[in-house]
Amino acid sequence: MLEIRNLTVKIAEDDKTIIDGLSLTVKDGEVAAIMGPNGSGKSTLSYAIAGKEDYEIVEGEVLLDGKNILEMAADERAAKGLFLAFQYPIEIPGVATMTFLKAAMNAQRKKRGEGELSTPDFMRTVRAGAEKLQVPMDMLKRGLNVGFSGGEKKRMEILQMALLAPTFGILDETDSGLDIDALRIVADGVNALRDPKRGFLVITHYQRLLDYIRPDTVHVMARGKIVRSGGPELALELEKNGYRDYVSEAA
Amino acid sequence: MGAHPREITKAEHDLAAMFARTEATEVARDAFALFSTMGLPHRRVEAWHYTDLRAKLGDIAPLAKAPSAELVGQVASELDAASVSAARIVFVDGRFVAGASRLSALPAGVRVGESDAVPVWPEVARDEPTIALNAAFAPSATVIEIAAGADVVAPIEIYSYVTAAAQTYARILVRVGAGVRATIVETHDGEGAGAHQKNSALIFEIGDDARVEHIARHVDESAEATHVASFAATLGARAQLDSFALVAGGALTRRQLYVRFDGDHARVGLRGAALLRGNQHCDTTLVVDHAALDCESRERFKHIVEDEATGVYQGKVIVRPGAQKTDGAMKSDAILLSESARMHNKPELEIFADDVVCGHGATVGALDDEQLFYLRARGLPKAEAETLLLEAFAGEVIEAVRDETMQEALRADAQAWLSERHS
């Protein structure tokens, strides 16, 4: 379960408040969607939860399974079971994807006091996961995300999520840059991970993704706060009317 | 040098006194006379702008003594364990020592001899005072002949072992016959030798169609060592030379490389990585001279600099009039891991032909925060994420080493250096 309580976040550099007293709870097994206009702070929220250092937490708490994670470094949050699928996955030349996957899986296992995966076990797990997401093996030998298409990068994010099996997943604009076929593969990958013990926060600008990943709750974010919450029908309403109601409230 | 009378430093004075006590050959006397007109190089000499040897060289260590039979025996048995190659040519305290070498393991067509008639200046490196000093003090040059037709499969290792805090000078000429393929590994080992001062010169004459890979390991150096390493090479037509150096040891390392294309359609790749911490200072200064048609040169250097250490890269590519179809690319990248780490990059092109493709680039920066965050968001602790990124950074040049055993060994060297960062 993820509980965000009265979270206020500034960009460390320019003293600008991006998240302004936001509260939201996502229960185990729940898929919550956050929708909102550009500039509402959606991506900042995902980075702040994941532990990016460019942001300053002014006040509030973020509890993952009851524990405040804001004091933890990004890698400790990951080991605790948090996963962020990046809107723009980072390219890392010279680090083979396979090497990275093994390092990440073993680092998390180590933190949790589990032993390292044997190479055959690791290979078997990766192969099975890659097949489901249509990630060819030669992609795994290449530098991490280097030269991958937009769709390949997003599939790689979901593959990582499947391999790391987090207790909570945040998808930041996972639909951006995807054509309809790639969107379906990615959504299938996410749906396969839906589990009564695992929550998701799906951040998106468009309703389209939510046709494939059906949310339990939908929240509208504007000016750094949740301004409205509802069921799936809220996404459809937004699709029809756009965000103008929420943007104009600012004036 | 001009109108200003030069002040003689204590080091220069000591060098002159030491030279006067040697039994010098004619070449050596000429060499020392040449050195004396120039003196130790300093920051106002362009090629030494970032490495003021005159200022840095306070005290001159005594000249190394010829190794005793007992020391030779000791070194021989030690090297049996440490050396990368069965075929090795060993220098102890600057002197070629057949008794510690494995000359019997050299392939047919490879001969090792000595000569005191090797001229002061290599063909491509004139007027460099440290090379004159090398010729003045190296008792004689060691000549390695690899005859055309020699079948050199395993690397030949030139192992330079220093045992005392002394000055050592070695001068090695490698003649590579037409069409020969050979890998030459140059290992510098002086771990227990304290503040020793080494001046080494390795001169290659590479025949037509020959293909040479040269790998220099400056890893197991004493932390207080000063090393001026000169590398000079001329290439015949269609020849290929790839040279790679890893510098991780030593207090002050200066590598100066001089390469000239004498025949058409030849290729050169000069690469290297330097891993520097503490107060280490590593300077790589090179000149690649395109004097023939349709030749290709690649220079690629990587520096990882931590603490108060300093990296220097100066590269000059000259394209002579008429050296048409030259293809040159030079790049130097550095990652600074601390506020006080320094890197000086100075790539230069001098182009006198019009039908050429030449480029250069240089970067200096910190580790990429976005990459670090991405790795940490996947659970890699900071130290491990940094290691992965730095390994990849150095790996980009190490992977150009063709000899697989050496490539592995160099990766292991880099990993060992990185693992010491967090211990």
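Bear in mind the structure is a predicted one, so any value in this text is a computation, not a measurement.
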State, to 0.1 Å, how close [X] and [Y] come at their nearest heavy-atom pair, and which atoms those are.
X: B:L389; Y: A:I92; value: CD2-CG2, 3.4 Å
X: A:A78; Y: B:A377; value: CB-O, 3.3 Å
X: A:T99; Y: B:L388; value: CG2-CD1, 4.4 Å
X: B:A392; Y: A:P93; value: CB-O, 3.7 Å

**Report entry** Proximal component of A:L101, with respect to chain B [non-hydrogen, under 4.5 Å]
**Finding:** neither
Query raised in the report: Given a strict heavy-atom distance threshold of 4.5 Å, which part of A:E76 is in contact with chain B: side chain, backbone, both, or neither?
Result: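 The answer is neither part of A:E76.
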Proximity of [range] to chain B, residues having a non-hydrogen atom under 4.5 angstrom:
range: residues 43-61 of chain A; result: A:Y47, A:A50, A:G51, A:K52, A:E53, A:D54
range: residues 102-113 of chain A; result: A:A103, A:A104, A:A107, A:Q108, A:K111
range: residues 120-135 of chain A; result: none

Report task. Among the options A:L164, A:I90, A:L82, pick out the one with the most heavy-atom pairs lying under 4.5 Å from chain B. Result ->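 Answer, by heavy-atom pair count under 4.5 Å with chain B: A:I90.
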Query raised in the report: What distance do A:E91 atom CD and B:Y374 atom OH have between them, rounded to the nearest 0.5 Å?
Result: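 A:E91 CD to B:Y374 OH: 10.5 Å, rounded to 0.5 Å.
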Requested in this report: Among B:R378, B:E384, B:E396, single out the residue with the greatest number of heavy-atom pairs under 4.5 Å to chain A.
Outcome: B:R378
Query - Residues in side-chain hydrogen bond (donor to acceptor under 3.5 Å, both in side chains) contact with B:D242, at least two apart in sequence or another chain - result: B:Q240, B:R271, B:R402
